[in-house]
Protein chains: 2
Amino acid sequence: MVSNSDNSNEQEDFPQEINGLRMTRQRREVYRSLMAKRVHPTAQDVFLDVKDKLPQISLATVYNCLEALTQHGIIRQVHFDRESCRYCPNLHEHGHFHDQSTGKILDVAFKPGIRLEDFLDLPPGTTVSNIEFTLRGTIVTH
Amino acid sequence: MVSNSDNSNEQEDFPQEINGLRMTRQRREVYRSLMAKRVHPTAQDVFLDVKDKLPQISLATVYNCLEALTQHGIIRQVHFDRESCRYCPNLHEHGHFHDQSTGKILDVAFKPGIRLEDFLDLPPGTTVSNIEFTLRGTIVTH
DNA sequence: TCAGAAATCAAGAATGATTCTTATTTTTAT
DNA sequence: ATAAAAATAAGAATCATTCTTGATTTCTGA
């Protein structure tokens, strides 16, 4: 492995730790890539992007980093059917719209103040810990 | 292959065709299984269940049947993260709740008359062709 | 009714995203 | 500075799903 000894000191403008997760060189670049592009990339996409900065990084490490970031609540996974998992650094509760004409994936916010019970018939006693809301369609601009 | 010559006549109480899809012996049993149990089974689950009636059926055929039924709008796929795909014969617009204490998956109806724009900030010009709404959590019964 | 065409099926191989394993390197705590 | 713990790279393994192929069944039109 190439020397990583400057790992923790290189980036003075970046926290050493987020939500209790140590920001290693690899995790930092993976997170940076997600924040900079915001295109809901797959692990493969992130891998290719981060390679410019860290040419020796492996795909397995990208998966490890994405998993660690997800487990610590720093990013979220986004699933469309059983396609490759995508990642999103937007932590606000929101859904995702896949525009089938452009292929782009957009964040879709919930109306402010709305609660699940306002639009869903949930069984009584339900506690929801995780929500995934995905839409497909097209956008007509004129 | 075991003779299938009684294929189309065996079930007099079952339509020969649904939404333009010919109901073969295999498709009929797959669909029957989904309708009878309503537990959102995986392809593997359906395979094991249908084997009682059609011992010679293959997993690939179950996948083919589920795909054909899905393509003809007779059933729907249900996805939780990247777990095995599950299948649902309820065609009403609805979401799915995975109860993490029991492992059960429940259909969750939308409030009657509600529209997406009522609770979502969709970009103008959006046409939604497909919705997937999945929740995880627990239910407290007392 | 019968022959050829089209559709369906079974079985197993192939695919592809993700996870796992292991050896190495880096970081942390003493 | 050193031993223990954590993280990484590389490639093998896994597993749901799809694909391929040859056999079987169903359909269509003489």
Side-chain angles (χ1 to χ4, degrees), chain A residues 1-11 15-18 20-31 40-48 50-51 53-72 74 77-87, chain B residues 1-11 15-18 20-31 40-48 50-51 53-72 74 77-87:
Chain A
M1 192 189 295
V2 173
S3 169
N4 253 5
S5 55
D6 55 341
N7 197 347
S8 54
N9 299 327
E10 187 196 3
Q11 302 290 344
Q16 303 298 106
E17 192 171 296
I18 302 182
L21 181 68
R22 181 152 55 91
M23 281 295 109
T24 64
R25 200 186 232 267
Q26 289 83 349
R27 288 174 186 157
R28 181 156 48 231
E29 291 307 327
V30 164
Y31 185 51
H40 304 89
T42 64
Q44 189 66 231
D45 294 336
V46 174
F47 176 53
L48 293 177
V50 168
K51 255 188 164 171
K53 259 300 188 47
L54 303 176
Q56 81 290 6
I57 200 170
S58 75
L59 179 57
T61 295
V62 172
Y63 271 106
N64 285 343
C65 292
L66 291 168
E67 172 69 10
L69 291 165
T70 302
Q71 287 310 312
H72 285 75
I74 302 167
Q77 295 188 330
V78 177
H79 301 93
F80 278 92
D81 301 348
R82 273 186 54 93
E83 292 176 5
S84 296
C85 183
R86 295 172 177 278
Y87 298 87
Chain B
M1 191 189 297
V2 173
S3 170
N4 253 5
S5 54
D6 57 341
N7 197 348
S8 52
N9 298 329
E10 187 195 5
Q11 302 291 344
Q16 304 296 105
E17 191 172 296
I18 302 182
L21 181 68
R22 181 152 55 92
M23 281 294 109
T24 64
R25 201 186 231 266
Q26 288 83 351
R27 288 175 187 156
R28 181 157 47 230
E29 290 307 326
V30 165
Y31 184 51
H40 304 90
T42 64
Q44 190 65 233
D45 295 335
V46 174
F47 177 52
L48 293 178
V50 167
K51 255 188 165 170
K53 259 297 190 49
L54 304 176
Q56 80 290 8
I57 198 169
S58 75
L59 179 57
T61 295
V62 171
Y63 271 106
N64 285 343
C65 292
L66 291 168
E67 171 70 9
L69 291 165
T70 302
Q71 287 311 312
H72 285 75
I74 303 168
Q77 295 188 330
V78 178
H79 301 94
F80 277 92
D81 303 348
R82 271 186 57 90
E83 292 175 7
S84 297
C85 184
R86 294 172 178 279
Y87 297 87

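Labels below follow one simple rule: chain letters A, B, ... track the order of the sequence lines, proteins then strands, and each chain is numbered from 1.
Closest approach to the B:C85 side chain among D:dT17, C:dT18, D:dT8 is made by D:dT17 (side chain taken as heavy atoms from C-beta onward). The side chain of B:R22 sits closest to C:dT8 out of D:dT8, C:dT8, D:dA16. The nucleotide whose nearest atom lies closest to any side-chain atom of A:A60 is, among D:dT8, C:dC20, C:dA10, C:dC20. Relative to the side chain of B:S58, the nucleotides C:dT18, D:dT17, C:dA10 differ in distance, and C:dA10 lies closest. Set against D:dT17, C:dA10, D:dA9, the side chain of A:Q56 has D:dA9 as its closest nucleotide. Among the nucleotides D:dA7, C:dT18, D:dT17, the one closest to the side chain of A:S84 is C:dT18.
In this structure, B:L66 places its CG atom 13 Å from C1' of D:dA16, rounding to the nearest Å. The distance from atom CD of B:E83 to atom P of D:dA16 is 11 Å, rounded to the nearest whole Å. Rounded to whole Å, the distance from CG on B:L69 to P on C:dC9 is 10 Å. Atom-to-atom, CG of A:L21 to P of C:dT28 comes out at 12 Å; the value is rounded to the nearest Å. A:E67 places its CD atom 16 Å from the C1' atom of D:dT8, with the value rounded to the nearest Å. In this structure, B:N64 atom CG and C:dG12 atom C1' are separated by 14 Å, rounded to whole Å. Atom CG of B:L54 is separated from atom P of C:dA10 by 8 Å (rounded to the nearest Å). Between A:R27 atom CZ and C:dT26 atom C1' there is a gap of 12 Å when expressed in whole angstrom units.
At the phosphate of C:dT19, neither OP1 nor OP2 sits under 4.0 Å from any side-chain N or O atom of A:Y63. The shortest distance between the side-chain N/O atoms of B:T24 and the OP1/OP2 oxygens of C:dC9 is below 4.0 Å. For D:dT25, the OP1/OP2 oxygens have no side-chain nitrogen or oxygen of B:Q26 closer than 4.0 Å.
For the residue pair B:T42 / B:D45, a side-chain donor-acceptor distance below 3.5 Å is found, with atom types taken as modelled.
Residues A:M23 and A:L21 have side chains in contact (heavy-atom distance under 4.5 Å, counting atoms from C-beta outward).
Residue order along DNA chain C, read from the 5' end via each residue's closest nucleotide, puts B:V62 first among B:V62 and B:R82.
With rounding to the nearest 0.5 angstrom, the CD atom of B:Q56 is 6.5 Å from the CD atom of B:Q26.
A search for salt bridge (charged side-chain N to carboxylate O under 4.0 Å, His left out) contacts involving B:E67 returns nothing, not counting sequence neighbours.
Between the side chain of A:R82 and the main chain of B:E83, a donor-acceptor pair closer than 3.5 Å is present.
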